[in-house]
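Worth saying up front: this structure is predicted, and the values here are computed from it rather than measured.
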Amino acid sequence: MTALRSLKTIDDLQGAGLVSAERRAGLDAVALRYAVAVTPAISALIDPNDPNDPIARQFIPDAAELLRLPEEREDPIGDGAHSPVEGIVHRYPDRVLLKAVHVCPVYCRFCFRREMVGPQGLGTLASQAMDNAFGYIAGHPEIWEVILTGGDPLVLSPRRLASIMERLASIEHVKIVRFHTRVPVVEPERVDDALIAALKASGKTTYLALHANHPRELTAEARAACARLVDSGIVMVSQSVLLKGVNDDPDTLAALMRAFVENRIKPYYLHHPDLAPGTSHFRLTIEEGQTLVASLRGRVSGLCQPAYILDIPGGHGKTVISASTIEDNGGGCYTVSDFNGEEHVYPPASAGKQPL
């Protein structure tokens, strides 16, 4: 049964046949805490007869989300520690995140910003906050790249997106604008001429990072949306999350990376899942992740090799999970080096389990 609209409640999901009466127990409590939305494009991909469907696992709530481990945290990558003004995260010298909106067309069950996004989240930046954010960017000439994230920036109207790009066009030292989005996969019909035009600005190079985790997400409609973007001159890269029960086998991971390359999307980041509350059922060990990523070498073209990335909890930035940046201390604990060469313990020391 294909939904004709986005499904945003457990009743909606049950009515569409995506949640059985037997599985419903506990899901209302999950939906009260974390946002739910499944677009028609995604609901059409889910096999309701497969209890282990990898698309359903990403988007359909699970009672396991109510289990919070001691090491999990509301801001797992430390955005707040690097937010000089509302809507800006300035973690690295030459680039900033601009979080213009905290709404998404779909809500991933493993989202690392799940405490901030959704109808009850931080919302859209108000006019004054947006002015302050652009003032910060304009006042810091070291900022070469602005990355629009959130939330999903492509939920904004073409008019709003064009306004953002016009303001960035007036800031001479910003050369690169990058959008992080799921829209071409989950709402491919949004990617029309008006939206594509809105993503461009004179003197700026636009990149679009597409988030997809399973090759089935790259439907004919999604591939056509990506082709429209690339044909317009927008450069596309990928970002994926290594997820237990979704893409944690060599064949699926290889098929996903090949699908990106076939669609002129350069594999970029493969993220180790962040320590977001209620997401432990998605996390593999780092050793398991390293083995999977190593399996790609020799199995697929060098064009298909992503960087396996860990975002160090506490706001210390990303590190490639390789022998030179991570050391196994035993017992599931590691020492990781950040981009400044400083060492951190992973998982971080816990202050004790926090109840939901």
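- No hydrogens or angles considered: a donor-acceptor pair under 3.5 Å links the side chains of N329 and T335.
- Side-chain polar atoms of S232 and R228 form no donor-acceptor pair below 3.5 angstrom.
- Annotation: side chain of Q128 is not in contact with side chain of M130 (no heavy-atom distance under 4.5 Å).
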From CA spacing to verdict: side-chain contact (heavy atoms from CB on, under 4.5 Å), F282, R109: CA-CA 9 Å; F282 285 109; R109 310 322 305 167; 3.9 Å; yes
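- The existence of a salt bridge linking K244 and D249 is excluded, since no basic side-chain nitrogen approaches an acidic carboxylate oxygen closer than 4.0 Å.
- For H90 and Y136, the ring centers sit closer than 6.0 Å to each other.
- Side-chain atoms of N247 and T252 include no donor-acceptor pair closer than 3.5 Å.
- The closest side-chain heavy-atom distance from R91 to D79 is below 4.5 Å.
- Residues R23 and S20 meet the side-chain proximity criterion, which asks for heavy atoms closer than 4.5 Å.
- Defined by atom type and a distance below 3.5 Å, a donor-acceptor pair is missing between the side-chain atoms of H281 and D62.
- Going from atom CG of L296 over to atom OH of Y308 covers 11.5 Å, rounded to the nearest 0.5 Å.
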Residue pair F112, H271: steps toward the side-chain contact (heavy atoms from CB on, under 4.5 Å) verdict: CA-CA 11 Å; F112 69 98; H271 293 271; over 6 Å; no
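- In this structure, a donor-acceptor pair under 3.5 Å is present between the side chains of E287 and Y334.
- A salt bridge links E217 with R182: the closest approach of a Lys/Arg side-chain nitrogen to an acidic carboxylate oxygen falls below 4.0 angstrom.
- A side-chain donor-acceptor contact under 3.5 Å links N213 and Q58.
- When V185, L253, L256, I55 are each tested for a side chain to side chain contact (heavy atoms under 4.5 Å, CB included) with H214, only one passes: I55.
- Side chains of H272 and D311 form no contact here, defined as non-hydrogen atoms less than 4.5 Å apart.
- Using a cutoff of 4.0 Å between basic side-chain nitrogens and carboxylate oxygens, D75 and R113 are not scored as salt-bridged.
- With 3.5 Å as the limit, one finds no donor-acceptor pair spanning the side chains of S301 and R258.
- Salt-bridge formation is detected for the pair E65/R114: a Lys NZ or Arg NE/NH1/NH2 atom is positioned less than 4.0 Å from an Asp or Glu carboxylate oxygen.
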Working for side-chain contact (heavy atoms from CB on, under 4.5 Å), residues E72 and R283: CA-CA 12 Å; E72 294 175 342; R283 288 196 295 274; 2.8 Å; yes
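- Side-chain contact between L27 and V19 is present, with heavy atoms from C-beta onward closer than 4.5 Å.
- The shortest side-chain heavy-atom distance between Y269 and S240 does not fall under the 4.5 Å cut-off.
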Chi angles and distances behind the side-chain contact (heavy atoms from CB on, under 4.5 Å) call for L292, D248: CA-CA 7 Å; L292 279 167; D248 60 330; 4.0 Å; yes
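- The residues D12 and R5 are annotated as salt-bridged, a charged nitrogen and a carboxylate oxygen being separated by less than 4.0 angstrom.
- With rounding to the nearest 0.5 Å, the separation of CG in L148 from CG in L208 is 10.5 Å.
- Taking CG of D50 as the reference point, atom CZ of R57 lies at 11.5 Å (rounded to 0.5 Å).
- A donor atom on one side chain and an acceptor atom on the other are found under 3.5 Å apart for Q14 and R24.
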